[in-house]
Amino acid sequence: MLEELRAQVCAANLELPRRNLVTFTWGNVSGIDRAQGLVVIKPSGVAYEDLTPDRLVVVELATGRTVEGTLRPSSDTKTHLELYRAFPELGGIVHTHSPYAVAWAQAGQDIPCYGTTHADYFYGAVPCARHLTPAELDEDYEKNTGVAIVETFRERGLDPVAMPGVICRSHGPFTWGKDAAQAVYHAAVLEEVARMALLTRQLDPSVMPAPRYYLDKHYRRKHGPNAYYGQK
């Protein structure tokens, strides 16, 4: 089942340790087949060196029920499913505990856009979703993590395509893209801009975000109908 998607999601998962985005098994990647309503995701707690396409787990988007695979799916599966249900543009999702993004999440602060590297990929400050309440955590921690992310985007009027990532308070980052590979790409960019932002803040604690016209120029030269960066 979903042989090509399995291969893509497996390759994307294996890219996480190559990009120094995970330690041990602290991360996962999923991909979705929208036509069939099925999600392929990393199994819980399996070491990356032991990961193969046939060990991935297939779950139903609507119910979360495992339809193929002998291993338990990632413990973050319900978060992935909430995001896929809310944001139909998403084709792949990544969760990591990459240290610089986690640092901002633990501080409970959005990652400000201080320069053009950030603006090329994230159209504004990367949002930090709120803490879950004790009741939300006890009721269904992973599902409600997804609910809080969706709530953040809707309350702030954010476009998940223009803002392909979030950090969760006291937890860490989730990123996404049109497929699993692009979701990993965005995870790597997020970690790098989180590191740059921290260094910038250390140099000047009172630094202000880059001017809005810088953000507009750099994001739009890579995205949208008038983009001109790269080759056609």
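Reckoned from all heavy atoms, side chains included, excluding hydrogens, waters and symmetry mates. Keep in mind it's a predicted model, so treat the numbers as computed, not measured.
Arg220 has no carboxylate O lying under 4.0 Å from a charged side-chain N of Asp120, or vice versa, which leaves the two without a salt bridge. One finds no salt bridge joining Asp54 and Arg6 here, because no Lys/Arg side-chain nitrogen approaches an Asp/Glu carboxylate oxygen to under 4.0 Å. Salt bridge annotation for Glu192-Arg195: present, with a cationic side-chain nitrogen under 4.0 angstrom from a carboxylate oxygen.
A distance of 4.0 Å separates NE2 of His95 from CZ of Phe174, quoted to the nearest 0.5 Å. Here the OG1 atom belonging to Thr117 is positioned 8.5 Å from the NE2 atom belonging to His218, to the nearest 0.5 angstrom.
Sparse packing is recorded around CZ of Arg72, with 12 or fewer heavy atoms of other residues, nucleotides or ligands lying under 6.0 Å away.
For the ring pair (Phe, Tyr, Trp, His ring centres under 6.0 Å) condition, the pairs that include at least one residue of residues 181-203, sequence neighbours left out, are Tyr121-Tyr185.
Put simply, the residue from Asp76, Asn13, Thr79, Thr96 that forms a side chain to side chain donor-acceptor pair (under 3.5 Å) with Asn28 is Asp76. Applying side chain to side chain donor-acceptor pair (under 3.5 Å) to Asn144 and the options Glu82, Glu136, Glu139 leaves one that passes, Glu139.
Counting only N and O atoms by type, the side chains of Gln182 and Asp179 include no donor and acceptor under 3.5 Å apart. Side chains of Tyr84 and Ser30: a donor on one and an acceptor on the other come within 3.5 Å.
Checked against the 6.0 Å centroid criterion, the rings of Tyr219 and Phe122 do not qualify as a close aromatic pair. His131 has its ring centre no less than 6.0 Å from the ring centre of His171.
Remark: side-chain polar atoms of Glu151 are not paired, donor with acceptor, to backbone N or O of Val147 under 3.5 angstrom.
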